[in-house]
Amino acid sequence: METEQEKSERELAEKLNEEAAKRIKDDPENKRVTPEEVEAAERAFFEDDEIITLRDRRKYRIPPCNLKDARRLMKLLKTVNIDAIILNFIPTENDELDEKRQQDLFDVLAMAFKNYPHIVTKDEHGEYIINREYLDEYLDLNTARKVIDMLIGLNGLKK
């Protein structure tokens, strides 16, 4: 049985909670979600694959990354030039760095096409083996950028 004081305290607490919830709900700062962010969040939550067509005229489904690939993707995105894919192929004085930059780009692309064995397979250590010749032939610079943007969007990452 509630005493009169306990009842008034409970009612006051309920009233304060309702007011606080209304303030948070009505705060314009909490309503600043863009439609793109909503769509990206829904895609990540429901794991919708993106679909892209390569120059071989086949449609490919790009899935969200698993946790291992997502961590690797975040690291690789720091080393790959996303905005101008061609810059990853410009030679510098350091051949080793040039090859690493290109390999990082192909590693990112491998995450997108990991479900297609004619493009990507895994070795005995679980590392991706990329059919670079296939991607060189059927993936253009613009589409490569779209694929990377799709991976970023599917995984809720920001550039």
Side-chain angles (χ1 to χ4, degrees), residues 20-159:
K22 184 172 175 16
R23 271 195 319 272
I24 292 170
K25 194 175 180 182
D26 294 340
D27 186 357
E29 286 292 314
N30 295 330
K31 293 185 179 183
R32 295 168 105 194
V33 178
T34 66
E36 293 83 17
E37 291 173 325
V38 170
E39 187 177 318
E42 286 176 354
R43 270 197 322 266
F45 183 76
F46 293 111
E47 292 195 2
D48 290 344
D49 296 350
E50 290 279 358
I51 297 174
I52 193 150
T53 304
L54 299 186
R55 292 173 103 27
D56 61 358
R57 301 193 189 280
R58 293 174 63 185
K59 293 189 183 302
Y60 294 88
R61 298 180 70 84
I62 299 174
C65 291
N66 57 32
L67 291 176
K68 178 183 173 186
D69 285 348
R71 286 190 302 271
R72 185 143 191 256
L73 177 63
M74 288 188 292
K75 289 178 185 174
L76 290 172
L77 288 176
K78 295 176 186 175
T79 64
V80 173
N81 190 322
I82 301 165
D83 296 321
I85 299 296
I86 192 71
L87 294 178
N88 295 294
F89 297 100
I90 294 176
T92 63
E93 301 295 319
N94 187 338
D95 291 341
E96 188 177 310
L97 183 62
D98 293 345
E99 180 56 37
K100 181 183 179 338
R101 193 174 54 247
Q102 289 179 29
Q103 186 59 46
D104 287 351
L105 172 64
F106 280 100
D107 286 347
V108 169
L109 294 171
M111 292 177 205
F113 298 106
K114 64 185 175 186
N115 294 333
Y116 298 95
H118 66 284
I119 301 175
V120 178
T121 56
K122 284 190 176 183
D123 66 10
E124 62 274 358
H125 303 294
E127 295 297 318
Y128 293 127
I129 301 170
I130 304 118
N131 183 346
R132 288 177 73 155
E133 293 80 26
Y134 191 87
L135 290 179
D136 282 339
E137 181 73 24
Y138 296 112
L139 185 67
D140 59 59
L141 297 171
N142 191 36
T143 308
R145 181 173 182 218
K146 287 179 186 175
V147 167
I148 294 171
D149 286 342
M150 286 177 181
L151 275 175
I152 291 169
L154 280 169
N155 293 291
L157 305 175
K158 293 189 180 186
K159 285 186 183 180

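In this text, all values refer to a predicted model and were calculated from it rather than measured experimentally.
- Annotation: the span from Met111 atom CE to Asn66 atom CG amounts to 9.0 Å, rounded to 0.5 Å.
- Put simply, the side chain of Tyr116 gets close to the backbone of Arg61: a donor and an acceptor are under 3.5 Å apart.
- Within the 4.5 Å cutoff, no side-chain heavy atoms of Val108 are placed close to those of Val147.
- Look at Arg101 and Asp104 and you find no salt bridge, because none of the NZ, NE, NH1 or NH2 atoms lies under 4.0 Å from a carboxylate O.
- Residues Ile119 and Tyr60 are in side-chain contact: their nearest non-hydrogen atoms beyond the backbone lie under 4.5 Å apart.
- Screening residues 121-130 for side chain to side chain donor-acceptor pair (under 3.5 Å), with sequence neighbours left out, gives Asp69-Tyr128.
- No side-chain donor-acceptor contact under 3.5 Å links Asp49 to the backbone of Ile51.
- Expressed to the nearest 0.5 Å, how far CD1 of Ile52 lies from CE of Met150 amounts to 3.5 Å.
- Between the side chain of Asn88 and the main chain of Asn81, a donor-acceptor pair closer than 3.5 Å is present.
- Among Leu109, Asp83, Leu73, Leu76, the one residue that satisfies the side chain to side chain contact (heavy atoms under 4.5 Å, CB included) test with Ile148 is Leu109.
- Within the 4.5 Å cutoff, the side chain of Leu151 has no heavy atoms near those of the Leu77 side chain.
- Contact check for Asp95 versus Glu99: no side-chain heavy atoms found under the 4.5 Å cut-off.
- Taking OG1 of Thr143 as the start and CG of Leu135 as the end, the distance is 11.0 Å to the nearest 0.5 Å.
- Separating the CG atom in Asp140 from the NZ atom in Lys146 is a distance of 8.0 Å, to the nearest 0.5 Å.
- With a 4.5 Å cut-off on side-chain heavy atoms, Leu105 and Phe89 count as touching.
- Put simply, the side chain of Lys114 reaches to within 4.5 Å of the side chain of Pro63, judged on heavy atoms.
- Once rounded to the nearest 0.5 Å, the distance linking CG of Leu54 with OH of Tyr138 reads 10.0 Å.
- Of all the heavy atoms in Ala110 and Ile130, the pair that sits closest is CB-CG1, 3.4 Å.
- For the residue pair Lys68 and Gly126, the shortest heavy atom distance occurs at NZ-O, 4.0 Å.
- Side chains of Gln103 and Asp107: a donor on one and an acceptor on the other come within 3.5 Å.
- With contacts defined as side-chain heavy-atom distances shorter than 4.5 Å, the pair Asn131/Phe113 does not qualify.
- Nearest heavy-atom pair, Ala70 versus Cys65, reported as atom, atom and distance to 0.1 Å: N-CB, 3.7 Å.
- Interatomic distance, OG1 of Thr92 versus CG of Asp98, reported as 3.5 Å (0.5 Å rounding).
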Full working for side chain to side chain contact (heavy atoms under 4.5 Å, CB included) between Phe106 and Asp136: CA-CA 10 Å; Phe106 280 100; Asp136 282 339; 3.4 Å; yes
